[in-house]
Amino acid sequence: MADGTTTDATTDATTDATAATDKAAGDPAARGARGELPKAWVPADHEAGLYERWLTADVFAPDGKGTNPDPSLPPFVIIQPPPNITGALHLGHALTFTLEDTMIRHARMLGHETLWLPGLDHASIAAQYVLDRIIAAEGETRESLGRERYLERMWRFINETREVMLAQERRLGVSADWGRLRFTMDEGSARAVRVSFKRFYEDGLAYRAEGLINWCPGCRTSVSDLEVIPKPETGTLWSIRYHLLDEATGEPTDETITVATTRPETILGDTAVAVHPEDARYEGLVGRKVRIPFVERDVPVIADGIVDREFGTGAVKVTPGHDKNDYEIGQRHGLPSISVMNDDASLNDAADRYAGLDRFEARRRILDDLRARGDVAGERPHEMLIGRCQRSDDVIEPRLKTQWFIRVRPLAEASLAATRSGETRIVPARFEKVWEHWLTNLHDWNVSRQLWWGHRIPAWYCPDGHVTVSDEAGGPPACEVCGRAAAELTQDPDIFDTWYSSGLWPFSTLGWPDRTEDLRRYYPGTIMETGYDIIFFWVARMMMTGIHLMDAVPFHTVYLHGLVKDPYGQRMSKTKGNVVDPLEAIDTAGADALRFALLNGTSPGNDQKFSPERLEDGRNFANKLWNATRFVLGARPSSIDAADAGTRRAPDEARLGPTERWIRSRAAATIAAVDRAFADHNYGEASRALYDAIWAEFCDWGVELAKVRLADEALDPAERDATWWTLVEALDTYLRLLHPVMPFVTEALWNSLPHAEGDPELLIVARWPKAGPVDAATERSVGQVIELIRSIRNARATVGIAPSEWLPLDLFVPGRQAASFDAFRPAIERLARVRPIHPHADRAALEHAPVGSLGIIAGEFEGRLHARAEAAEADRARIGKELAQAEAALASTRTRLADATFLAKAPAHIVEGARAREAELAEKVEKLRASLG
RNA sequence: GGGCGGUUAGCUCAGCUGGUCAGAGCACCUCGCUUACACCGAGGGUGUCGGGGGUUCGAGUCCCUCACCGCCCACCA
């Protein structure tokens, strides 16, 4: 049943894809007619079509014909947490998928063969919890349906949710290898579960024993320690008198010892009273006996170091059957463990007259009866932590049960060795401490669950109580101890903790236990990406099982992301009603916007607040890029005809001016910055760097400066061509760099841009750009020009001159800026709205500027902007302020330079920098003063 | 009880190995439909970088300490 259903789902997905491609084929926008773009980036019009193109081009599979990986590079394998198949995806999933997709696209562009194996988790307890509520609405219960029909209903349910979830992943742009879609309840996983368990059993790492487990009365199953959530609560601490026995007669006396408890109902399971060995108050009592009320059981007073003398009365009742500490005390002192509860948390027959009562009702009755006997010595409110079920919120009951456990000690040690040696690295590193602590103090893992939805434990019991663990699908042929026939054997009714099969994910999905080519090639994985909240549930388990069963760590890097919270920093939850539906976000702003919003401004392992504004940022950015590209395509000089523009050429080096060199240099710097960010797994930094580079540098200055060149009639057509090709080249670079983060808009735009010889059809498989040299000299001189334009704009705005008004400018152009000035003269005119410009090689010439001109100080440039006298008056305040700032900065720099210790101890380059700054500031102050007159 | 994060402009956050690091976006204010974009452009203000010590020639940046917020782990009944 399991694998059949999964296979169906995969087939359906493929069929859908084909159908959608046919639809998209008629849509020019989706195809991206080269050289033309619609007016605006409307994600909904493009995303589906683009996704289908990737699918049909077969670029998601590592061996797909579309990827063309570089054989000299190792495969890049990402391991994703398969989401629970319980319903719609939330923003946390969107974050995970965005990060993973960003990583895999980046790796693919670098030329790695990539594997991202998608999947879904059957989520045993979570799924049952959801389904129970669904069938309750249908008037059914688990019991009324019975195991078989319940499971049928479950399959029906998950077959629906599966499609919804996979469709959501595709809308986000997830470029996983859909042909390998796996499910933790498919036959491959089932086999891996059986075989692994048998291995653990044979290796002595799986054992069946009676132990104290966490019981959820609501879910009617045991749960692991991790699924017990301690929640603060104000309870009551009662002091109860236990009567000591007369040592001679063995009968209770009036002599009492008072114990403190928050759970009087467990009195019925008490098998001792414990005090601290060095507690003088009770010195003489150790070794004597007390009688437990109601059950009339005589138990010893014992001494144990775990008892806190300061707490309560310093004497504690010991109930090994219902308390973890007490259980350990019981183990140490050989005390019997008495279980007083049923599965539904009512008291059992051991509870004598309280049998059948619910645990809380029993508590009330017992207290009443104790009061009647005069044995309640006191009570007071008590702040405490109550363990509640992660799923149902019921109060967890520690109970004795015979269950299967995994012995974790050796596995944990091997896992610790892996991170200590650096074989597996945790990002961010601070989680290593958490990892260490948890693995060091780990208790054996209770893997039995008394649920129906999940992998049945492959253990069979014969009437004589022999245990046979089998990895055969149909069970063992006979009891392996006594040889009784299979027909006489009974399989354990329990199933595995859902994380057991998840823990096998990195290899069960690659064909294990068979020694497949996939395993050889893709195990261990490169990076495992997930939220820090499942580091123990999942990451640690994969590490433990992987090392033991595969003899190798399952992955070399553990990347942990933070949680997505609402704008107020609250955890998103359905009950709070503050969840953001990723699909809604995609509908309103596009998948790229959502992806950008989830990555930008975040850092590894840190939580983030998600707000609509962030989504808008992403949408605006996509639109900005869209329009920049639209401009470049529309600005093609007539000297380059459409046919020539079909293939991207590198700009003619000989024709490059400072504008073009600046654009190239900034693009090169951006490549380096993004490379660095990716290397550090700092995806928030990568997106930020691209946002700045594309918007504040390329669009605001690169394109604006290039516009002037393109519009310059006097320019040599060959130079104009070079300008255009430079823009195309820069865009090409930026689109490649941004593609991992915003795959749709970049793919659409890149499709419309001329491709270089040898480029593939699709950006998703285009190569990552290589960082060229940064041209520092050009950046310096262009920086001066930019500063000049800014200063002029600033002066104009400050005094309120209309932006449309052309003003004459007297400009002192120092010799070293002469060439730069010549090149940028038209740009300065247009962008600063100044005309005519009177350049002067001699600064003194500025003194002849008309009275009331505005002073312009920008680096080595200095100017006088002609304006009306009243404007000039308003300008004096601006200059005065600037002067004050410059003077203050100069003063502080001089103080520093006057300090002998600074000069003696600071490194030379710092001192030199300070000197340079002093000179610069001094000059500026001088200029500003001159400008004020 | 241990541990880990966080505390930087009104809001969300960047600030790597201490020295042009006091920044970005949003919000806000003033202009502006200049032949990519109003999902835009130009310009602008705002911060004793949580408090207090210390190391250093020099500290959001390192150390100590305190405060508050959040999270994780934990056997105080």
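Protein chains get the first letters and strands the later ones, always in sequence-line order, with residue 1 at the start of each.
Residue A:Asn620 has a polar side-chain atom (N or O) positioned under 4.0 Å from OP1 or OP2 of B:C40. Contact between the side-chain N/O atoms of A:Asn441 and the OP1/OP2 oxygens of B:C73 is not found at any separation under 4.0 Å. Distances shorter than 4.0 Å separate none of the side-chain N or O atoms of A:Lys609 from OP1 or OP2 on B:C11. Between A:Lys707 and the phosphate of B:A36, there is a side-chain N or O to OP1/OP2 separation shorter than 4.0 Å. Considering only side-chain N and O atoms, A:Ser603 lies under 4.0 angstrom from the phosphate OP1 or OP2 of B:A14. Close to B:G2, at under 4.0 Å from its OP1 or OP2, lies no side-chain N or O of A:His437.
For the residue pair A:Thr319 and A:Lys317, a side-chain donor N or O sits within less than 3.5 Å of a side-chain acceptor on the partner. Under 3.5 Å, the side chains of A:Thr262 and A:Trp238 contain no donor-acceptor pair of N or O atoms. Between A:Glu383 and A:Thr234, the side chains place a donor N or O and an acceptor N or O closer than 3.5 Å (distance only, hydrogens not considered).
For A:Asn325, taking side-chain heavy atoms from C-beta onward, the closest of the listed nucleotides B:C75, B:G43, B:A42 is B:C75. The side chain of A:Ala260 sits closest to B:A77 out of B:C72, B:A14, B:A77. Counting only heavy atoms from C-beta on, A:Arg917 has its side chain closest to B:U20 among B:U20, B:A14, B:C4. When each of B:G19, B:G15, B:A77 is scored by its nearest atom to the side-chain atoms of A:Arg896, the top-ranked nucleotide is B:G19. Side chain of A:Cys699, nearest nucleotide from B:C71, B:A36, B:C40: B:A36. Listed nucleotides B:C40, B:C37, B:A36 differ in distance to A:Asn623; the shortest reach to its side chain belongs to B:C37. The nucleotide whose nearest atom lies closest to any side-chain atom of A:Tyr691 is, among B:A36, B:C31, B:G25, B:G25. Considering only the side chain of A:Phe311, B:C76 comes nearest among B:C4, B:C76, B:A36. Comparing B:C75, B:A77, B:G43 against the side chain of A:His382 picks out B:A77 as the nearest. The A:Asp692 side chain lies nearest to B:A24 when the options are B:A24, B:C40, B:C13.
A centroid separation of 6.0 Å or more is found between the aromatic rings of A:His276 and A:Phe311. Aromatic rings from A:Trp695 and A:Tyr691 are positioned such that their centres are separated by under 6.0 Å. Centroid-to-centroid, the aromatic rings of A:Trp626 and A:His46 come within less than 6.0 Å.
A:Leu385 comes within 4.0 angstrom of a base, heavy atoms only. When heavy atoms are screened at a 4.0 angstrom cut-off, A:Gly312 is found touching no nucleic acid atom at all. Looking at heavy-atom distances under 4.0 Å, A:Lys317 makes no contact with the nucleic acid at all. At the heavy-atom level, A:Arg676 lies nowhere under 4.0 Å from the strands shown. At a threshold of 4.0 angstrom between heavy atoms, the contacts of A:Arg790 are confined to the sugar-phosphate backbone, with no base atom among them. Using a 4.0 Å heavy-atom criterion, one finds that A:Trp435 contacts no nucleic acid atom at all. Residue contacts shown for A:Arg619 include a base, since a base heavy atom lies under 4.0 Å away. Contacts of A:Arg793 with the nucleic acid, taken as non-hydrogen atoms under 4.0 Å apart, involve only primed sugar atoms and P, OP1 or OP2. At the heavy-atom level, A:Glu805 lies nowhere under 4.0 Å from the strands shown. Among the protein residues, A:Asp308 comes within range of the nucleic acid bases, having at least one heavy atom under 4.0 Å from a base atom. Among the protein residues, A:Lys624 comes within range of the nucleic acid bases, having at least one heavy atom under 4.0 Å from a base atom. Among the heavy atoms of the strands, none lies under 4.0 Å from A:His909. Using a 4.0 Å heavy-atom distance criterion, A:Glu432 is classed as making no nucleic acid contact. At a threshold of 4.0 angstrom between heavy atoms, the contacts of A:Pro230 with the nucleic acid are absent.
Remark: the A:Arg614 side chain and the B:U12 base include no donor-acceptor N/O pair separated by less than 3.5 Å. Taking 3.5 Å as the limit, the base of B:A36 and the side chain of A:Glu704 contain a donor-acceptor pair of atoms between them.
Residue A:Trp695 contributes atom CH2, which lies 7 Å from atom C1' of B:C39 at whole-angstrom precision. B:G32 atom P lies 19 Å from atom CG of A:Leu831, rounded to whole Å. Here B:U35 presents its P atom at 14 Å from CG of A:Asn627, a figure rounded to the nearest Å. In this structure, CD1 of A:Ile856 is placed 13 Å from P of B:G43, rounded to the nearest angstrom. The separation between A:Arg830 atom CZ and B:G32 atom P is 20 Å, rounded to whole Å. Straight-line distance from the CG atom of A:Asp304 to the P atom of B:C76: 15 Å, rounded to whole Å.
Rounded to the nearest 0.5 Å, atoms OH (A:Tyr532) and NE2 (A:His561) are 9.5 Å apart.
Two residues, A:Phe431 and A:His443, neighbour RNA chain B, and the one matched to the more 5' nucleotide by heavy-atom proximity is A:Phe431. Nucleotides of RNA chain B nearest to A:Ile801 and A:Thr261 differ in position, and the one nearer the 5' end is that of A:Ile801.
In plain terms, the two heavy atoms of A:Arg430 and A:Asn606 that are nearest each other are NH2-OD1, 2.7 Å.
More than 90° away from 0 lies the glycosidic angle of B:G45, which makes this nucleotide anti.
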